[in-house]
Amino acid sequence: MLEYSVTLSSIIDELKLKILYMPEKAGEKGEKIKITNKEVNRPGLPLADYFDHFEETRIQIIGNTEYSYLQIFDEEIVSRKTDKLFASGIPALVIAQGLEVLPEIIASAKKYEVPVLATDASTSSFTAALISSLNVSLATRITLHAVLVDVYGEGVLMLGESGVGKSETAMELLKR
């Protein structure tokens with residue numbers, strides 16, 4: 001089965017995200033980064049050092065809960081926690097609600113060359129919009145060869161391999 005992808009730059013454009021950090025290897029607006037997972041993640045448990053079942057191909061979203069959790073620690077611990085998150089190979093991190101980005105987040109992002117983006121939208125509404133966008137962009141697709149004709153007000157759909165004569169059959173049907 002084909003695996004579909006969407007560029008990070010198209011997500012940035014569609015959801016009007018601000019770029020806080022974009023590594024050179026990603027292109028100017030993230031056009032070289034391909035997103036293939038339509039699921040997203042709030043990294044509360046990974047920030048608490050629990051990485052069992054963590055899916056590193058998901059875009060990560062930091063909201064008020066994760067942000068306030070990080071603020072209870074000193075800079076060294078925040079650096080260690082964010083380093084672990086970015087080292088896992090996540091495609092991008094989005095900071096929601098217009099929260100001020102912690103310097104440790106940018107430092108870890110630069111170290112592991114992971115884009116950091118921001119939105120003023122609430123975490124819930126941004127997450128819903130992102131999931132909706134990814135579901136459309138990464139939806140499973142199939143290609144069918146078909147002809148649809150109207151015969152006396154009834155729709156007749158003919159399916160078949162390319163070149164087997166569906167169009168000719170439809171024309172003959174319509175002639176009669």
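- Note that the CG atom of N41 and the OG1 atom of T127 stand 10.0 Å from one another [nearest 0.5 Å].
- Rounded to the nearest 0.5 Å, atoms CD1 (I105) and CG (L85) are 8.5 Å apart.
- Closest heavy-atom contact between R141 and S137: NH2-O, 2.8 Å.
- Shown here for E28 and M22, the closest heavy-atom pair between the two residues is O-CG, 3.8 Å.
- For the residue pair P91 and I59, the shortest heavy atom distance occurs at CG-N, 4.0 Å.
- In this structure a side-chain-to-backbone donor-acceptor pair under 3.5 Å is present from Q97 to N64.
- Looking only at distances, no side-chain donor or acceptor of E154 sits under 3.5 Å from a matching main-chain atom of V151.
- In this structure, L45 and H53 have side chains that are not in contact, with every pair of non-hydrogen atoms separated by 4.5 Å or more.
- Side chain of N37 to main chain of V40: no donor-acceptor pair is present (N/O by atom type, distance under 3.5 Å, no hydrogens or angles).
- Looking at S79, its side chain does come within 3.5 Å of a backbone N or O of E75 through a donor-acceptor pair.
- Closest approach of T123 to G63, counting heavy atoms only: OG1-CA, 3.3 Å.
- Atoms CG and CD1, on L134 and I11 in that order, are 5.0 Å from each other to the nearest 0.5 Å.
- One finds the CD1 atom of I12 at 4.5 Å from the CG atom of L117 (value rounded to the nearest 0.5 Å).
- Across A170 and V147, no two heavy atoms sit closer than the pair CB-CG1, 3.5 Å.
- Linking ILVMFWY residues whenever their side-chain heavy atoms come closer than 4.5 Å, directly or via other members, leaves V136 and L138 in distinct clusters.
- Counting only heavy atoms from C-beta outward, the side chains of H145 and V164 never approach each other to under 4.5 Å.
- Within a 6.0 Å radius of CD in E24, other residues, nucleotides and ligands contribute 12 heavy atoms or fewer.
- Residues E172 and K175 form a side-chain contact, since some pair of their non-hydrogen atoms from C-beta on lies under 4.5 Å apart.
- Tracing side-chain contacts under 4.5 Å through hydrophobic residues (I, L, V, M, F, W, Y), one reaches I19 starting from L17; they form part of the same cluster.
- Here L47 contributes atom CG and R80 contributes atom CZ; the two are 10.5 Å apart, rounded to the nearest 0.5 Å.
- Taken to the nearest 0.5 Å, the NZ atom of K16 stands 10.5 Å off from the OG1 atom of T119.
- With hydrogens and angles ignored, the 3.5 Å screen pairs no side-chain donor or acceptor of Y112 with any backbone N or O of S88.
- Using modelled atom types, one finds no donor on one side chain facing an acceptor on the other under 3.5 Å when comparing S124 with S122.
- No donor-acceptor pair closer than 3.5 Å links the side chain of K25 to the backbone N or O of I33.
- Side-chain polar atoms of E104 and T82 form no donor-acceptor pair below 3.5 angstrom.
- In terms of hydrophobic clustering, with Ile, Leu, Val, Met, Phe, Trp and Tyr side chains grouped at heavy-atom distances under 4.5 Å, I95 and Y21 are assigned to a common cluster.
- Both I142 and L157 belong to a common hydrophobic cluster when Ile, Leu, Val, Met, Phe, Trp and Tyr are linked at side-chain heavy-atom distances under 4.5 angstrom.
- Within 6.0 Å of NZ on K34 lie more than 12 heavy atoms contributed by other residues, nucleotides or ligands.
- With F73 as the aromatic partner, K81 meets the cation-pi criteria of under 6.0 angstrom to the ring centre and within 45 degrees of the ring axis.
- Counting heavy atoms from C-beta on, the side chains of K18 and D120 come closer than 4.5 Å.
- Annotation: side chain of K29 is not in contact with side chain of T7 (no heavy-atom distance under 4.5 Å).
- The shortest distance between side-chain heavy atoms of P43 and I62 falls below 4.5 Å.
- No path of Ile, Leu, Val, Met, Phe, Trp and Tyr side chains, each step under 4.5 Å between heavy atoms, connects Y50 with F54, placing them in separate hydrophobic clusters.
- Here the closest heavy-atom approach between residue A129 and residue L15 is recorded as CB-CD2, 4.0 Å.
- Contact annotation: the side chain of Y4 never approaches that of K38 to less than 4.5 Å [non-hydrogen atoms, C-beta and beyond].
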